[in-house]
**Student:** 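Quick one: structure below, then a few questions.
To find a chain, count down the sequence lines: A is the first, B the second, and so on, and within it residues start at 1.
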Number of protein chains: 2
Amino acid sequence: MKDLEKTLRALADATRLRIIGILLFQEACVCDMQRVLGLAQPLLSRHLAYLRSAGLIRDRRVGTRIYCSLALEGEVGRALREFLQTIMPHFGPFHEDALRMKAHVERSGWMRRGVSDSAQSENRRSGKEGDNEDQSSSVQL
Amino acid sequence: MKDLEKTLRALADATRLRIIGILLFQEACVCDMQRVLGLAQPLLSRHLAYLRSAGLIRDRRVGTRIYCSLALEGEVGRALREFLQTIMPHFGPFHEDALRMKAHVERSGWMRRGVSDSAQSENRRSGKEGDNEDQSSSVQL
DNA sequence: TACCATCATACGTATATACGAATAATAGGA
DNA sequence: TCCTATTATTCGTATATACGTATGATGGTA
């Protein structure tokens with residue numbers, strides 16, 4: 001968690017709030033977020049860079065894909081997570097974004113199981129679960 | 001509490017954070033804040049207007065003086081208060097501002113008791129206590 | 001009414017920020 | 001190596017924002 005001012009500045013933009021809203025549920029890859037949020041790729045990339053620079057997210061690369069997750073640790077991070085979990089349902093686009101992401105993930109899961117990338121799917125299911133502590137969330141739709 | 005985006009934008013400025021840091025302790029008048037924070041009067045006035053517009057503070061006039069206090073109600077407001085109480089001690093100027101305000105209030109109280117404005121002092125002590133619920137705070141120095 | 005204290009608002013300026021379009025960098029497969 | 005998918009970065013532009021300076025508005029007292 002970086003500088004407090006930088007953190008709060010990161011929250012002061014609707015696009016970045018939408019990104020955070022998605023990540024409150026679970027890790028997501030940039031390409032999924034791009035489609036679900038309907039953002040231009042460069043724009044999304046820039047906002048992610050900002051959030052990364054502020055220490056709010058971290059990422060990992062799997063092949064060509066970057067998976068992002070929230071990085072809320074320490075006292076301030078925990079307080080921020082709680083705060084976000086309380087306020088985000090009050091943020092206009094939050095629910096629709098969440099539904100779209102859920103639908104997208106289910107559709108994508110189906111495609112993966114049926115068509116392609118089974119090796120990557122195995123990779124995700126068997127070996128990466130332990131790394132995704134940031135996925136835990138108590139926000140309920 | 002107004003629009004969530006506006007609220008978060010209000011937090012994205014160091015000067016406004018300093019103002020909020022002072023008000024986390026208790027209601028304060030504009031003139032005291034101006035002196036303690038060392039801000040130009042028009043600047044302080046503008047930032048207070050922003051915070052007021054965002055629904056984060058409210059004020060009351062007593063003669064020529066405006067007293068400001070935090071207005072954190074409802075689910076989001078309560079969450080925000082908790083969040084602020086946790087994070088503000090991590091904000092650089094917070095502690096010094098608080099000490100300066102404390103010293104200022106003690107010095108001012110002395111001057112009031114000794115020299116002038118005893119009617120106003122009585123007014124503040126006897127009749128306004130019930131209105132200052134927002135003064136309660138558990139932030140400890 | 002004049003004067004002073006307190007606070008709000010207008011004007012101008014420098015800087016920050018968000019975004020679109022274009023391009024560059026990285027990874028993977030044939 | 002070439003091509004494609006994914007992502008990062010650059011460039012230019014419009015808008016927002018923070019601040020200093022000057023002025024206006026409100027309240028109180030002599």
Side-chain angles (χ1 to χ4, degrees), chain A residues 3 5-20 27-54 57-68 93 104 108 111-112 115-121 123, chain B residues 3 5-20 27-54 57-68 93 104 108 111-112 115-121 123:
Chain A
D3 181 56
E5 279 176 64
K6 198 161 174 129
T7 295
L8 294 175
R9 274 185 181 277
L11 302 178
D13 174 72
T15 303
R16 288 199 289 276
L17 278 181
R18 292 181 73 196
I19 293 167
I20 287 167
E27 184 187 60
C29 79
V30 177
C31 55
D32 282 347
M33 285 195 278
Q34 185 183 333
R35 291 190 192 105
V36 166
L37 298 175
L39 299 173
Q41 182 273 319
L43 180 58
L44 177 58
S45 197
R46 252 192 319 256
H47 279 300
L48 290 174
Y50 195 107
L51 290 169
R52 205 178 293 124
S53 167
I57 66 171
R58 69 168 68 92
D59 58 30
R60 62 189 179 100
R61 180 181 278 272
V62 182
T64 62
R65 295 180 180 217
I66 305 277
Y67 287 84
C68 300
H104 186 85
S108 298
M111 286 182 65
R112 283 208 200 97
V115 182
S116 63
D117 243 346
S118 62
Q120 180 153 338
S121 178
N123 195 10
Chain B
D3 181 59
E5 279 176 65
K6 199 162 173 132
T7 295
L8 293 175
R9 276 186 179 274
L11 302 178
D13 175 72
T15 303
R16 287 198 290 277
L17 278 179
R18 291 180 71 197
I19 293 167
I20 288 166
E27 183 187 63
C29 78
V30 177
C31 55
D32 282 346
M33 285 196 279
Q34 183 183 335
R35 291 190 192 105
V36 166
L37 298 175
L39 299 173
Q41 180 274 318
L43 180 57
L44 177 57
S45 199
R46 253 189 320 254
H47 280 301
L48 291 174
Y50 195 109
L51 290 169
R52 205 178 294 125
S53 168
I57 65 171
R58 67 168 68 90
D59 60 29
R60 61 188 180 100
R61 181 179 276 273
V62 181
T64 63
R65 294 178 181 220
I66 307 273
Y67 288 83
C68 300
H104 186 84
S108 297
M111 286 183 64
R112 285 209 199 94
V115 181
S116 64
D117 243 345
S118 62
Q120 182 154 335
S121 179
N123 193 9

**Student:** So, is B/T15 near the phosphate of D/dC19, with a side-chain N or O under 4.0 Å from OP1 or OP2?
**Tutor:**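 For D/dC19, OP1/OP2 do have a side-chain N/O of B/T15 under 4.0 Å.
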**Student:** So, OP1 or OP2 of C/dA5: does either fall under 4.0 Å of a side-chain N or O from B/R35?
**Tutor:**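 Answer no for this pair, as no side-chain N or O of B/R35 is under 4.0 Å from OP1 or OP2.
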**Student:** Does B/R16 put a side-chain nitrogen or oxygen below 4.0 Å from OP1 or OP2 of D/dA18?
**Tutor:**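 Checking B/R16 against D/dA18: at least one side-chain N or O falls below 4.0 Å of OP1 or OP2.
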**Student:** Taking the nucleotide of DNA chain D with the closest heavy atom to each, which residue, B/Q41 or A/I66, is nearer the 5' end?
**Tutor:**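 This one resolves to A/I66.
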**Student:** With a cut-off of less than 4.0 Å, is there a side-chain N or O of A/R65 near OP1 or OP2 of C/dG28?
**Tutor:**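 Indeed not, no polar side-chain atom of A/R65 lies that close.
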**Student:** Looking at side-chain heavy atoms only, is the closest gap between B/M33 and B/L44 below 4.5 Å?
**Tutor:**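 Yes; the side chains approach each other to less than 4.5 Å.
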**Student:** Within the pair A/H47 and C/dT17, is there a side-chain N or O less than 4.0 Å away from OP1 or OP2?
**Tutor:**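 For A/H47, the contact criterion (side-chain N or O under 4.0 Å from OP1 or OP2 of C/dT17) is not met.
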**Student:** Could you say whether A/R9 or A/R46 is positioned toward the 5' end of DNA chain C, judged by the nucleotide with the nearest heavy atom to each?
**Tutor:**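 Its nearest nucleotide lies further toward 5', so the answer is A/R9.
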**Student:** Any donor and acceptor pair, going by atom type alone, linking the side chain of A/R9 with main-chain N or O of B/A12 inside 3.5 Å?
**Tutor:**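 Confirmed, A/R9 side chain pairs with B/A12 backbone.
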**Student:** Look only at the side chain of B/R16 and the backbone of B/A10, and say whether a donor-acceptor pair between them is shorter than 3.5 Å.
**Tutor:**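 Such a contact is found between B/R16 side chain and B/A10 backbone.
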**Student:** Ignoring backbone atoms, establish whether A/S45 has a side-chain N or O less than 4.0 Å from OP1 or OP2 of D/dA8.
**Tutor:**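 Looking at the OP1 and OP2 atoms of D/dA8, one of them is under 4.0 Å from a side-chain N or O of A/S45.
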**Student:** Heavy atoms, side chains only, cut-off 4.5 Å: are B/L11 and A/L11 in contact?
**Tutor:**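 The answer is no, as the side chains (C-beta and beyond) never meet within the 4.5 Å cut-off.
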**Student:** Please give, in whole Å, the distance from C/dA5 P to B/R61 CZ?
**Tutor:**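 Nearest whole value for this atom pair: 16 Å.
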